[in-house]
There are 2 protein chains.
Amino acid sequence: MSAPAPTGSPTRSRRTKPDGGDPHAQSLRIGDVARLVQTTPRTIRYYEEIGLLPEAPARPSGRHRLYTPAEVERLREVMRLKNLLGVSLEELKTLLTAEEARAEVRAQLSREDVVGERRLELLHEALGHIDRQLELVRHRAAELTKLEHELCETRKRVRRKIREYHDAEERAAR
Amino acid sequence: MSAPAPTGSPTRSRRTKPDGGDPHAQSLRIGDVARLVQTTPRTIRYYEEIGLLPEAPARPSGRHRLYTPAEVERLREVMRLKNLLGVSLEELKTLLTAEEARAEVRAQLSREDVVGERRLELLHEALGHIDRQLELVRHRAAELTKLEHELCETRKRVRRKIREYHDAEERAAR
DNA sequence: TTTCATCCTTACGTTCACGTCAGTTTCGAG
DNA sequence: CTCGAAACTGACGTGAACGTAAGGATGAAA
């Protein structure tokens with residue numbers, strides 16, 4: 001993905017990255033993020049507003065939002081799910097709560113101080129969430145594949161008709 | 001959703017079918033159709049209003065709409081596409097215009113008096129429409145399948161962790 | 001320090017896809 | 001013919017998912 005700005009806004013010259021010598025302070029502003037994921041700042045703020053995206057933690061209200069590449073990726077995933085699953089943002093939120101839980105699990109599991117019982121509990125919870133998503137995705141995928149096959153069949157029939165026509169033409173020319 | 005009438009509305013006793021001896025006058029009223037395809041009369045009228053469904057031809061405005069099984073099937077297909085492709089009704093309309101064209105083709109092809117040139121033209125048009133739909137469907141299907149695989153992988157990882165936990169427990173109990 | 005594109009918040013506007021209400025009319029059973 | 005469930009036609013209401021405009025603040029570059 002090299003094409004940085006497909007929607008080429010010509011008014012872009014100043015404002016490089018706030019890369020002030022600190023290499024791991026890779027943070028993007030909302031407009032840049034919007035361009036990256038093909039949306040608008042408004043949408044990103046809206047998603048934050050309804051709780052789909054976490055509020056940038058401890059941002060002194062009024063200051064600019066800054067996003068890490070990880071958060072950008074997260075947003076991309078959100079939009080992907082939204083498009084593919086065609087669910088409401090509210091439903092999506094519950095699905096992503098699952099994601100959150102899994103992230104939580106990962107975080108907790110990396111620490112050593114989590115007692116066994118709790119650990120197992122978290123794992124099973126995560127599994128349940130995944131299974132719910134998986135069921136949803138599988139169902140839709142199956143439906144779509146079915147539709148694809150049907151379309152292919154129809155296509156074949158049309159092509160056959162076209163060939164029949166050409167054959168008829170050939171015979172007539174003889 | 002308090003399930004108003006999933007399938008069995010108890011308030012149905014009168015009003016059987018207008019099957020007055022005429023066997024091929026199999027026509028349903030809007031309410032029945034709505035129940036059949038899991039929607040509401042309002043939605044069906046709306047679809048007609050925006051041109052998604054053809055206005056019941058030559059219906060003396062004010063009389064009840066009557067639907068043939070074919071039209072019911074058509075509506076079912078419309079809703080299926082809407083759900084699976086997740087497009088706006090406007091986009092769907094253009095996609096269905098393609099369907100219309102194909103129906104037209106079928107109708108014309110069944111007649112003998114269509115000249116060859118026109119016939120071929122229609123066929124190629126139909127093919128184009130099908131290809132457009134197919135591309136759309138394939139793209140989405142592929143994306144969904146990809147997502148499915150990813151979820152499966154994640155699932156495997158979680159299950160492995162659970163197993164690891166159980167193994168550890170076993171060793172500890174020894 | 002000035003500059004100015006970009007960002008902030010607040011708030012009202014908009015489009016889509018229907019829901020709902022009202023008053024009227026149709027039509028099949030009795 | 002009567003009766004009532006269901007349909008008809010406007011017309012307005014609604015929730016979701018943003019768009020847009022206003023007025024002011026931010027912050028990297030010059």
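Only heavy atoms go into these numbers, but all of them, side chains included; no hydrogens, no water, no symmetry mates. So that the names make sense, note that chain A is the first sequence line, chain B the second, and so on, each numbered from 1.
Using a cut-off of 4.0 Å between Lys/Arg side-chain N and Asp/Glu carboxylate O, B:Glu164 and B:Lys161 are scored as not salt-bridged. The residues B:Arg65 and B:Glu48 are annotated as salt-bridged, a charged nitrogen and a carboxylate oxygen being separated by less than 4.0 angstrom. Note on A:Glu49 versus A:Arg42: salt bridge recorded, some NZ/NE/NH1/NH2 to OD/OE distance being below 4.0 Å.
To the nearest angstrom, C1' of C:dC27 lies 16 Å from CG of B:Leu28. Atoms CG (B:Leu92) and C1' (C:dC18) sit 15 Å apart, rounded to a whole Å. Protein atom CD of B:Glu49 is 10 Å distant from nucleotide atom P of D:dT9, rounded to whole Å. Between the CD atom of B:Glu48 and the P atom of C:dC18 there is a distance of 15 Å, given to the nearest Å. Distance, B:Asp32 CG to C:dG28 C1': 13 Å, rounded to whole Å. Rounding to whole angstrom units, OH of residue A:Tyr67 and C1' of C:dT6 are separated by 13 Å.
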- Message: Can you build the contact string for nucleotides 15-24 of chain D? Use B for base contact, S for sugar-phosphate-only contact, and - for no protein heavy atom under 4.0 Å.
- Response: --BBBB----

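Picking from D:dA6, D:dT26, C:dC7 the nucleotide with the shortest atom distance to the side chain of B:Arg29 gives D:dA6.
The residue from A:Lys156, A:Arg157, A:Arg155 that alone fulfils the salt bridge (Lys or Arg N to Asp or Glu O under 4.0 Å) condition with A:Glu153 is A:Lys156.
Side chain of A:Thr43 to backbone of A:Thr39: no donor-acceptor contact under 3.5 angstrom is found. Under the 3.5 Å distance criterion, the side-chain polar atoms of B:Arg59 are matched with a main-chain donor or acceptor of B:Arg63.
For D:dT26, neither phosphate oxygen OP1 nor OP2 lies less than 4.0 angstrom from any side-chain nitrogen or oxygen of A:Arg59. Under 4.0 angstrom from either OP1 or OP2 of C:dC7 there lies no side-chain N or O belonging to A:Arg63.
Among the protein residues, A:Arg45 comes within range of the nucleic acid bases, having at least one heavy atom under 4.0 Å from a base atom.
A residue-by-residue look at A:His64 and B:His64 shows that A:His64 has its nearest nucleotide of DNA chain C further toward the 5' end.
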- Message: Test side chain to side chain contact (heavy atoms under 4.5 Å, CB included) on A:Leu147 and B:Arg80; report intermediate values, then the result.
- Response: CA-CA 9 Å; A:Leu147 177 57; B:Arg80 184 183 173 205; 3.9 Å; yes

